[in-house]
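Notes for the one structure printed next.
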Amino acid sequence: MDARIVLLPGDGIGPEIVAQAERVLQVIAERHGHHFQLSSHPIGGCAIDEFGDPLPESTLDACRESAAILLGAVGGPKWDDPHAKTRPEVGLLKIRKELGLFANLRPINPHPALLDSSPLKRHIIEGTDILFVRELTGGIYFGDSGVHENGDGKSAFNTMTYSQEEVKRVVRVAATAALKRRGKLTSVDKANVLEVSRLWRHTAEQIVKSEFPTLEYEVVLVDAMAMHLISRPTDFDVVVTGNMFGDILTDEASMLPGSLGLLPSASVGESGPGLYEPIHGSAPDIAGKGVANPLATILATAMLLRHSLHLEAEAVAIETAVSQVLNDGHRTADIAQSGETAIGTVAMGDLVLSALAS
Ligand code: NAD
């Protein structure tokens with residue numbers, strides 16, 4: 001296969017972790033006879049410094065022409081001034097919107113070797129394997145908003161809107177994924193209170209009944225889901241929900257495996273390149289120290305190969321290599337238990353490469 005892959009290292013630890021993922025991609029290409037054209041482009045704070053724009057046109061053009069995009073992370077204290085003209089996160093929101101990346105996929109499957117790193121008890125999380133599908137370009141984060149000044153002070157509002165088309169397309173992504181997994185789909189809403197959730201529920205049910213009749217399907221209210229996630233996470237397979245509920249629930253779910261440094265995510269649209277990244281941020285507190293955990297980014301690379309390039313065997317090879325390294329007891333500082341030796345970013349990358357070669 002000949003594929004153009006854009007790397008967006010970004011800020012903080014971004015360049016360090018993407019460098020390890022790049023090595024993995026090169027080894028996969030060599031071993032499986034592919035040719036990946038890899039090119040790096042600025043995004044986020046470093047792009048503001050260089051171009052005054054967190055998503056320069058040249059970066060967006062390169063992304064549009066690619067088969068897939070691998071992102072490190074953006075942001076950091078240097079660009080946190082609330083009065084600044086723009087912010088690194090604007091680059092992220094814009095790339096999702098411009099590329100039509102409406103579905104965010106986040107697998108939550110705590111690694112067996114790390115179950116004791118979780119804040120939850122082993123017997124609760126053991127066997128958890130959830131795929132969250134969060135709607136990413138609609139809902140309250142993109143609805144009308146404003147601030148009113150009146151005699152008694154200010155009031156502010158945000159509007160949550162979903163069209164049936166927006167619901168249908170994200171439910172289709174989730175249902176298709178469920179068919180390839182354990183065949184269960186859970187839709188999360190707040191239909192007991194919100195009109196927009198009642199439309200979501202009705203539309204989701206129609207799509208599942210008419211197009212995916214073999215799926216086991218359930219609906220759960222978002223407040224109940226927040227409880228179920230930490231009391232019985234193994235009951236869920238694919239979970240689909242709107243932008244804000246998904247934002248909150250996926251962060252809650254990311255605590256189950258006990259480390260941010262292990263979790264990848266994908267943002268995909270109906271066609272065109274997908275965007276793959278670790279779920280953590282730019283970790284400015286450890287940037288440049290060579291201690292960041294590159295595994296989430298390496299696992300994001302596996303998602304990229306699976307979802308955008310349809311290279312399932314290559315994706316599994318990466319996941320197996322990461323699993324082997326963890327089973328062998330190797331840990332970066334964020335996942336090391338007290339008394340365990342922590343290795344650095346490059347050493348972890350080296351170990352994954354050796355496992356790939358074995
Ligand atoms: P963060 O995820 O960057 O860091 C939280 C904690 O986890 C820190 O202690 C950090 O050292 C640790 N950590 C994160 N990734 C790690 C890794 N791979 N290895 C080892 N330790 C790791 O969250 P934050 O500190 O709240 O945010 C820092 C910056 O990142 C902010 O500017 C924020 O806006 C940005 N951010 C960006 C993204 C993104 O680019 N998608 C996502 C979240 C936050």
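For ligands, and for the atoms within them, numbers begin at 1 and follow the listed sequence.
The hydrophobic cluster containing Val147, built from Ile/Leu/Val/Met/Phe/Trp/Tyr side-chain heavy atoms closer than 4.5 Å, comprises no other residue. Cluster partners of Val6, by chain and number: Leu8, Ile43, Leu55, Leu60, Ile69, Leu71, Val74, Leu92, Ile95, Leu99, Leu101, Leu275. The rule joins Ile, Leu, Val, Met, Phe, Trp and Tyr whenever side-chain heavy atoms lie under 4.5 Å apart.
By the 30° and 60° cut-offs, the orientation of the rings of Trp200 relative to Tyr162 is perpendicular.
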Expected rows: ligand 1 N/O, protein N/O, dist below 3.5 Å:
| residue | atom | partner | partner atom | Å |
| --- | --- | --- | --- | --- |
| ligand 1 | 2 (O) | Gly281 | N | 2.7 |
| ligand 1 | 3 (O) | Gly281 | N | 3.4 |
| ligand 1 | 3 (O) | Ser282 | N | 3.2 |
| ligand 1 | 3 (O) | Ala283 | N | 2.8 |
| ligand 1 | 9 (O) | Asp285 | OD2 | 2.9 |
| ligand 1 | 11 (O) | Asp285 | OD1 | 2.8 |
| ligand 1 | 11 (O) | Asp285 | OD2 | 3.0 |
| ligand 1 | 15 (N) | His280 | ND1 | 3.3 |
| ligand 1 | 18 (N) | His280 | NE2 | 3.1 |
| ligand 1 | 18 (N) | Asn293 | O | 3.0 |
| ligand 1 | 19 (N) | Asn293 | N | 2.9 |
| ligand 1 | 30 (O) | Ser282 | N | 3.0 |
| ligand 1 | 30 (O) | Ser282 | OG | 3.2 |
| ligand 1 | 32 (O) | Gly76 | N | 3.0 |
| ligand 1 | 34 (O) | Glu89 | OE2 | 2.9 |
| ligand 1 | 40 (O) | Val74 | N | 2.8 |
| ligand 1 | 41 (N) | Glu277 | OE1 | 3.3 |

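Partners of Arg4 according to the side-chain contact (heavy atoms from CB on, under 4.5 Å) rule, which considers only residues two or more places apart in sequence or in another chain, are Gln37, Glu65.
Among all heavy-atom pairs drawn from Pro42 and Thr59, the shortest one is O-OG1, 2.7 Å.
For the pair Met225 and Thr241, the minimum side-chain heavy-atom distance is 4.5 Å or more.
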